[in-house]
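One structure is given below, encoded as structure tokens.
We number each residue from 1, following the sequence as shown.
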Amino acid sequence: MAKDSKFWDVICDGPYVPTKKVGKPAVMVPKNRKEYNDADRKAIEKNFCAKKILVCGIGPDEYNRISACQSAKEIWEALQTAHEGTTQVKQSKIDMLTTEYELFRMKDDESIQDMHTRFTSIINELHSLGEIIPRNKLMSKVLSVLPSSWESNVNAITEAKDL
């Protein structure tokens, strides 16, 4: 598990770049490959391992998107943008799904199972974008959209919650 978190650090923070002090006043500059020591090589290797993990988990179409990326961080950012969009696109998706959630109603000819599948789909998409709705609000929403033929069941569930 510790190994995994180190790879995740490389993905989030970018690759390790070995540096050395040069001149007066001392300025940090990148080392040449010939100047790397064992610790430098080991730290650099984490980026290669993280890249390998990411590349092994994608298909050929995705690979074309990231093939020019030099670091695991660049790969991750390219995949995020491809799947979530930019911050503005992501916020637009969240706004659209939130509206869909707020206006959610059970259709007249819809079964409970179909309604639940549709509702779960909206909630899962919101969750994947980082928007989490508390469980009690989800339950209240589902109970509020059930048709009047379910009123006795809704009352029983509501009373049981109050106990």
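A donor-acceptor pair is defined here as one N or O able to donate and one able to accept, closer than 3.5 Å; such a pair exists between the side chain of Ser144 and the backbone of Lys141. A donor-acceptor contact shorter than 3.5 Å links the side chain of Ser128 to the backbone of Glu125.
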CA sep, side-chain torsions, deciding dist, call: Leu79, Ile58, side-chain contact (heavy atoms from CB on, under 4.5 Å): CA-CA 10 Å; Leu79 291 171; Ile58 61 175; 4.2 Å; yes
side-chain contact (heavy atoms from CB on, under 4.5 Å) assessment of Phe119 paired with Met106: CA-CA 9 Å; Phe119 186 74; Met106 184 173 180; over 6 Å; no
side-chain contact (heavy atoms from CB on, under 4.5 Å) assessment of Ser121 paired with Asn124: CA-CA 5 Å; Ser121 176; Asn124 287 344; 5.9 Å; no
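Among pairs with a residue in residues 47-57, none fulfils side chain to side chain donor-acceptor pair (under 3.5 Å), at least two apart in sequence or across chains. For residues 92-103, the pairs satisfying side chain to side chain donor-acceptor pair (under 3.5 Å) are Gln91-Asp95, with sequence neighbours left out. Sorted by first and then second residue, the salt bridge (charged side-chain N to carboxylate O under 4.0 Å, His left out) pairs involving residues 66-83 (not counting sequence neighbours) are Lys73-Glu77.
When hydrophobic clusters are built by joining Ile, Leu, Val, Met, Phe, Trp and Tyr residues whose side-chain heavy atoms come closer than 4.5 Å, directly or via intermediates, Val17 is not grouped with Phe7. Cluster membership check: Ile123 shares its hydrophobic cluster with Met96, using side-chain heavy-atom separations under 4.5 Å among Ile, Leu, Val, Met, Phe, Trp and Tyr. When hydrophobic clusters are built by joining Ile, Leu, Val, Met, Phe, Trp and Tyr residues whose side-chain heavy atoms come closer than 4.5 Å, directly or via intermediates, Val10 is not grouped with Val55. The hydrophobic cluster containing Leu126 also contains Val145, counting ILVMFWY residues as joined when their side-chain heavy atoms lie under 4.5 angstrom apart, directly or transitively. In terms of hydrophobic clustering, with Ile, Leu, Val, Met, Phe, Trp and Tyr side chains grouped at heavy-atom distances under 4.5 Å, Ile112 and Ile122 are assigned to a common cluster.
Under 4.0 Å is where a charged nitrogen must lie from a carboxylate oxygen, and between Arg65 and Glu62 at least one such pair does.
With sequence neighbours excluded, no residue forms a salt bridge (Lys or Arg N to Asp or Glu O under 4.0 Å) with Lys46. Residues satisfying the side-chain contact (heavy atoms from CB on, under 4.5 Å) test with Cys12, not counting sequence neighbours, are Trp8. Applying the salt bridge (Lys or Arg N to Asp or Glu O under 4.0 Å) criterion to Glu110, with sequence neighbours excluded, gives Arg118. In terms of the side-chain contact (heavy atoms from CB on, under 4.5 Å) criterion, Pro25 has no residue partners (sequence neighbours excluded). For Tyr63, the ring pair (Phe, Tyr, Trp, His ring centres under 6.0 Å) criterion is met by no residue, not counting sequence neighbours. Listed by chain and residue number, Lys20 satisfy the salt bridge (Lys or Arg N to Asp or Glu O under 4.0 Å) test with Glu35 (two or more places apart in sequence, or in another chain). Scored by the side-chain contact (heavy atoms from CB on, under 4.5 Å) test, Ala43 finds Tyr16 as partners (sequence neighbours excluded). The salt bridge (Lys or Arg N to Asp or Glu O under 4.0 Å) test applied to Lys107 returns no partner, not counting sequence neighbours. Taking Asp38 as the reference, nothing meets the side-chain contact (heavy atoms from CB on, under 4.5 Å) condition, with sequence neighbours excluded.
You'll find the side chain of Lys31 reaches within 4.5 Å of the side chain of Asn37, heavy atoms only. Looking at Ile44 and Pro18, their side chains come closer than 4.5 Å, going by heavy atoms from C-beta outward. Within the 4.5 Å cutoff, the side chain of Phe104 has heavy atoms near those of the Met115 side chain.
In this structure, the separation between CG on Leu129 and CG on Leu97 is 6.5 Å, given to the nearest 0.5 Å. Interatomic distance, CD1 of Ile11 versus CD1 of Ile75, reported as 8.5 Å (0.5 Å rounding). Distance CG/Asp40 to NZ/Lys42: 12.5 Å, rounded to 0.5 Å. Atom NE2 of His127 sits about 12.5 Å away from atom OG1 of Thr120, to the nearest 0.5 Å.
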